[in-house]
Amino acid sequence: MTLQFALSPEHPDTIASPCVVVGLYQGGKLTPAAARLDAASGGAISRVTASGDATGKAGTSTVLFGLAGIASPRVLLVGLGDAAKCDVATFQRAAGEAGRALKAMPIASAHTTLTEAEIPGHDLAWKLRALALATDAQAYRYRATFKPKSEAEPAQLATLSLAAADDATARTALTQARAIAEGVRFARELGNLPPNICNPAHVAAQAQRIAQQHAGVDVEVLEREDMAKLGMGALLGVAQGSANAPKLIVLQWRGGGDARPYALVGKGITFDSGGISLKPGAGMEEMKFDMCGAAGVLGAFLAAVELKLPLNLVCVVPAVENMPGGNSYRPSDILTSMSGLTIEVLNTDAEGRLILCDALTYVQKFDPQVIIDAATLTGACVVALGKHASGLMTRDDELAAQLLAAGERTHDRAWRLPLWDDYQSQLETGFADLANIGGKYGGAITAGCFLSRFTNGRRWAHLDIAGTAWIDGRKGSATGRPVPLLVQYLLDRCG
């Protein structure tokens, strides 16, 4: 369940909350709320900072219990770093640390005053939304757990009140935060499910559930036979080795009258074994996350519908499982895409671009004004950018600037990579119109170049989220990116 948010102008020393969160700068400088608590408690916070038990270093936190003169039984001091250098990154780090600390407490609600922090160029509405989203991200717990439940589970954070006057601007900020948080949680839950449950049919069922629960949403699910009639040979080639039938999922939201829609396309490989070009066994379990592009665009679609954005939106998800088998497609196979272009398969593990190329051709039937695809497409993008930034590729400078700005505003950042024609020659082959891989160098870029062949001059951008869609490791989890970036982009289009 998404964390609930509320606004409260009540003083931090009198509010009846299980925990009050206040900021602390390095050097012992207190935020106004911390100073008020310090005065009410007879200098308790000053004594803690003087002793060095709370330093104010960015990303640190200290819990104080039972302070005299304070209504709340807990005070959480969160470090904001150097007051003169408190920027977006520092604030996001502090917000995340506060959320992590609150999640560890056996409490159902808390109150934060971190809205007081001064962030150059960012107003109260931005801080409210950033705090709400960071706390919700930290409070997330995987619901579909397959572990036995303990008899007595501790309370879980369910409500966060934020220090601000209850006015229209603040309410709008929290309304947006709730919708984005719901979209992020949807994407994370879908991404975290095991692949024996989250197969193409399950992804389709979740899309149908969105349509059932929201008026004004239409859904269509194309089956293998439908895709064969449309000539989607690339998508069906990837799917033919799996016992799980592929689905092409189409959601539409009509909130913008007769305007041309915005289009989101997401890679939905529900498990990627690599096919005949089998992946190494170590780490293959993480390939359940190869559908996080699909989860992300579905989450963004859900948030846009929750906000009732006054625009038209179409979301297309090719959902496929890539498995080795007696009927699997092979290296050196030639596939004919829906566009008519033929593709030589040099590696069956470069499958995401094969399902996306047919989806990109299909979505053009809606005459979209912009197409954005999101995909966990290449390990090369992770090598280039690590786990912090998604790779952005487009030939449209204006669209690039809009998406980068949306990423900066939500701290769901992307970095633009070139999409120059110089790279296109790496896709040449003597046996088809193009190959599905471009060789050793520039793998993220040549994957983008491959997709560009199927966009027919449309306004189009590609987000490679292979590094940002999930956190590695045995206890790793889907992140829900790029839901915040995409929703902010759509919000900006609404003025």
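Heavy atoms only: backbone and side chains are in, while hydrogens, waters and symmetry mates are out.
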Where does the angle between the aromatic ring planes of W460 and H462 fall among parallel (under 30°), tilted (30 to 60°) and perpendicular (over 60°)?
parallel

Flag side-chain contact, heavy atom, 4.5 Å: L102 against Q138:
no

Just grab all the salt bridge (charged side-chain N to carboxylate O under 4.0 Å, His left out) pairs involving residues 53-78, residues at least two apart or on different chains.
none

Nearest-0.5 Å distance that lies between atom CG in L80 and atom CG in L114
6.0 Å

Only counting residues at least two apart or in another chain, list the ones meeting ring pair (Phe, Tyr, Trp, His ring centres under 6.0 Å) with H11.
none

Does anything in residues 296-308 pair up under side-chain hydrogen bond (donor to acceptor under 3.5 Å, both in side chains), and if so which pairs, sequence neighbours excluded?
H214-E306

Using a 3.5 Å distance criterion without hydrogens, assess whether the side chain of D38 forms a donor-acceptor pair with backbone atoms of S46.
yes

Using every non-hydrogen atom in the two residues, find where K127 and T115 come nearest and quote the distance to one decimal.
NZ-O, 2.8 Å

Mind checking salt bridge (charged side-chain N to carboxylate O under 4.0 Å, His left out) for R36 and listing every partner two or more places apart, or none if nothing turns up?
D13

Just to verify, what does S273 make a side-chain hydrogen bond (donor to acceptor under 3.5 Å, both in side chains) with, not counting sequence neighbours?
none

Any side-chain heavy-atom pair from L451 and L377 closer than 4.5 angstrom?
yes

Across all chains, not counting sequence neighbours, the salt bridge (charged side-chain N to carboxylate O under 4.0 Å, His left out) partners of D167 are none

Is a donor on one side and an acceptor on the other found under 3.5 Å between the side chain of S17 and the backbone of V20?
no

Stepwise, does the side-chain contact (heavy atoms from CB on, under 4.5 Å) test hold for T60 with T55?
CA-CA 8 Å; T60 63; T55 65; 4.1 Å; yes

Distance (rounded to the nearest 0.5 Å) between Q4 CD and L160 CG
11.0 Å

Is it the case that over 12 heavy atoms from other parts of the model lie below 6.0 angstrom from the NZ atom of K103?
yes

In terms of side-chain geometry, is the basic nitrogen of R188 or D136 positioned less than 4.0 Å from the acidic oxygen of its partner?
no

Can L30 and L24 be said to form a side-chain contact (heavy atoms from CB on, under 4.5 Å), step by step?
CA-CA 5 Å; L30 307 181; L24 172 66; 3.3 Å; yes

Minimum heavy-atom separation for G274 and N322, please, with both atom names.
C-ND2, 3.4 Å

Residues passing the salt bridge (charged side-chain N to carboxylate O under 4.0 Å, His left out) test with R481, sequence neighbours excluded, are D412

Is the shortest heavy-atom distance from the side chain of M105 to the side chain of C19 under 4.5 Å?
yes

L162 side chain near L131 side chain, heavy-atom distance below 4.5 Å
yes

So L157 and T135, do their side chains get closer than 4.5 Å, heavy atoms only?
yes

Quick check: closest heavy atoms across L124 and A164, and the distance to 0.1 Å?
CD2-CB, 4.1 Å

Could you give me the CA-CA distance, side-chain angles and deciding distance for L486 and L463, then say whether side-chain contact (heavy atoms from CB on, under 4.5 Å) is met?
CA-CA 10 Å; L486 292 173; L463 287 168; 4.1 Å; yes

Quick one, T394 and R459 - any side-chain contact, counting heavy atoms below 4.5 Å?
no

R47: what forms a salt bridge (charged side-chain N to carboxylate O under 4.0 Å, His left out) with it, not counting sequence neighbours?
none

Could you state the interatomic distance from CZ (R129) to CD (Q488), rounded to the nearest 0.5 Å?
4.0 Å

Are K387 and V382 packed together at the side-chain level, in the sense that at least one heavy-atom pair is separated by less than 4.5 angstrom?
yes

Identify the heavy atoms of P120 and C86 that sit nearest to each other, and give their distance.
CD-O, 3.4 Å

Closest non-hydrogen atom pair, A101 against S61:
CB-OG, 4.1 Å

Mind listing the side-chain donor-acceptor pairs of residues 287-305 below 3.5 Å, one per line with the distance, residues two or more places apart or on another chain?
| residue | atom | partner | partner atom | Å |
| --- | --- | --- | --- | --- |
| K288 | NZ | N192 | O | 2.7 |
| D290 | OD1 | K267 | NZ | 2.9 |
| D290 | OD1 | T376 | OG1 | 2.5 |
| D290 | OD2 | K267 | NZ | 3.1 |

Show your working on salt bridge (Lys or Arg N to Asp or Glu O under 4.0 Å) between R185 and E182 and close with a plain yes or no.
CA-CA 5 Å; R185 284 194 175 227; E182 186 168 347; over 6 Å; no

If the condition is side-chain hydrogen bond (donor to acceptor under 3.5 Å, both in side chains), which residues does W470 pass it with, not counting sequence neighbours?
E286, D472

Would you say the side chain of P484 lies within less than 4.5 Å of the side chain of V184, judging by non-hydrogen atoms?
yes

Around atom CD of E118, are there more than 12 heavy atoms of other residues, nucleotides or ligands at under 6.0 Å?
no

Between Q369 and R493, does the side chain to side chain donor-acceptor pair (under 3.5 Å) criterion hold? Intermediate values first, please.
CA-CA 12 Å; Q369 52 183 306; R493 306 287 72 74; over 6 Å; no

Okay, side chain of S41, backbone of A68: is any donor-acceptor separation there less than 3.5 Å?
no

Give a yes or no answer on whether the side chain of T479 reaches the backbone of T468 with a donor-acceptor pair at less than 3.5 Å.
yes

For atom CH2 of W415, decide whether the heavy atoms of other residues, nucleotides or ligands shown that lie under 6.0 angstrom number more than 12.
no

Here the gap from L403 atom CG to E398 atom CD, rounded to the nearest 0.5 Å, amounts to 10.5 Å

Heavy-atom donor-acceptor pair, N312 side chain to G257 backbone, under 3.5 Å
yes

As an exercise, state the distance from CD1 of I45 to CG of L77, rounded to the nearest 0.5 Å.
5.0 Å

Between CG of D87 and NE2 of H122, what distance do you get to the nearest 0.5 Å?
9.5 Å

T175: which residues meet the side-chain hydrogen bond (donor to acceptor under 3.5 Å, both in side chains) condition with it, sequence neighbours left out?
none

What side-chain donor-acceptor pairs closer than 3.5 Å can you find for residues 193-212, not counting sequence neighbours?
| residue | atom | partner | partner atom | Å |
| --- | --- | --- | --- | --- |
| N199 | OD1 | A201 | N | 3.2 |
| N199 | OD1 | H202 | N | 3.0 |

C494 versus L311, closest heavy-atom pair with distance
SG-CD2, 3.5 Å

